[in-house]
Amino acid sequence: MSENKKLPQNRIAKLRKEKNLSQAQLAKETGLTRQAISLYEIGKREPKLETWFKLSDFFDVPVSYLQGIGNSRDYEQNINSFKKDLYKSISDNLKKQLGTNNEQLTYTFASVFVEHFVNIFDAAIKNVDMGTYLKDRYVSLAKKMNDYNKINGINAMVTRGIMLALEGERDPVAEKKFNEVMKTIYSYHFSDDE
């Protein structure tokens, strides 16, 4: 790869101008310096990941869009792209694991796994109060999933978790198990936890 290859132009200036902000105003709103904003906009300096997240949240766009890599500034379009990529990834993995090139068979299997997973994932992302950068990050992580057994496990875990919570309303054993599951979940430090 050539060292002179031009990187995509970020969209910081474009988004700042859409909000009718000066560089100084954007700097004040985000806790950055005006000079840093200027250098980011002209591509003389690359923001750190934390800064991309901060700007992504401020402009309410995915990091990939802000960086000039992605074309969609809309979360729904990102989910649709994610769904398409996941279908392809799961279908390819199923072909290998099942030892078949039957497109219809692998598409049918992939459709079932992916549709349930995307619905659960989409609902979770929409119902959790997180910044745009985290939504973008989790979509990016989920796009890398290609193990249909893991996706099926996630689908089953969520469905059975809901059933356990509902059963816990009338069954003390189910209530105890539900509390144990929640304790395990809350004991893990997710990267978005403070």
With a 4.5 Å heavy-atom cut-off, do Phe59 and Leu26 have their side chains touching? yes

Below 4.5 Å, heavy atoms only, C-beta onward: do Ile37 and Glu41 meet side chain to side chain? yes

Just wondering, more than 12 heavy atoms not from Glu180 lying within 6.0 Å of its CD? yes

Provide the full list of salt bridge (Lys or Arg N to Asp or Glu O under 4.0 Å) pairs with a residue in residues 152-166, sequence neighbours left out, each pair given once. none

Suppose we screen for salt bridge (charged side-chain N to carboxylate O under 4.0 Å, His left out). Which residues come up paired with [X], at least two apart in sequence or across chains?
X: Lys19; answer: none
X: Glu167; answer: Arg170
X: Lys14; answer: Glu18
X: Arg11; answer: none

Return the set of residues passing side-chain contact (heavy atoms from CB on, under 4.5 Å) with [X] (not counting sequence neighbours), or none when no residue passes.
X: Glu50; answer: none
X: Met182; answer: Phe178, Ile185, Tyr186
X: Glu29; answer: Phe58
X: Lys183; answer: none

With rounding to the nearest 0.5 Å, note down the distance linking [atom1] in [X] to [atom2] in [Y].
X: Thr51; Y: Leu66; atom1: OG1; atom2: CG; value: 10.5 Å
X: Leu164; Y: Thr159; atom1: CG; atom2: OG1; value: 12.5 Å
X: Glu46; Y: Gln67; atom1: CD; atom2: CD; value: 6.5 Å
X: Leu15; Y: Leu21; atom1: CG; atom2: CG; value: 10.5 Å
X: Met157; Y: Ile162; atom1: CE; atom2: CD1; value: 10.5 Å

Which atom pair, heavy atoms only, marks the closest approach of Arg34 to Ala27? N-CB, 3.5 Å

Closest non-hydrogen atom pair, Ala174 against Gly168: CB-N, 3.8 Å

Candidate pair Leu55 and Asn10, rule side chain to side chain contact (heavy atoms under 4.5 Å, CB included), full reasoning: CA-CA 11 Å; Leu55 291 167; Asn10 72 56; over 6 Å; no

List in chain and number order the residues that pass side chain to side chain donor-acceptor pair (under 3.5 Å) with Ser22, two or more places apart in sequence or in another chain; answer none if no residue qualifies. Gln25

Would a distance-only check, ignoring hydrogens and angles, find a side-chain to backbone donor-acceptor pair under 3.5 Å from Asp57 to Phe53? no

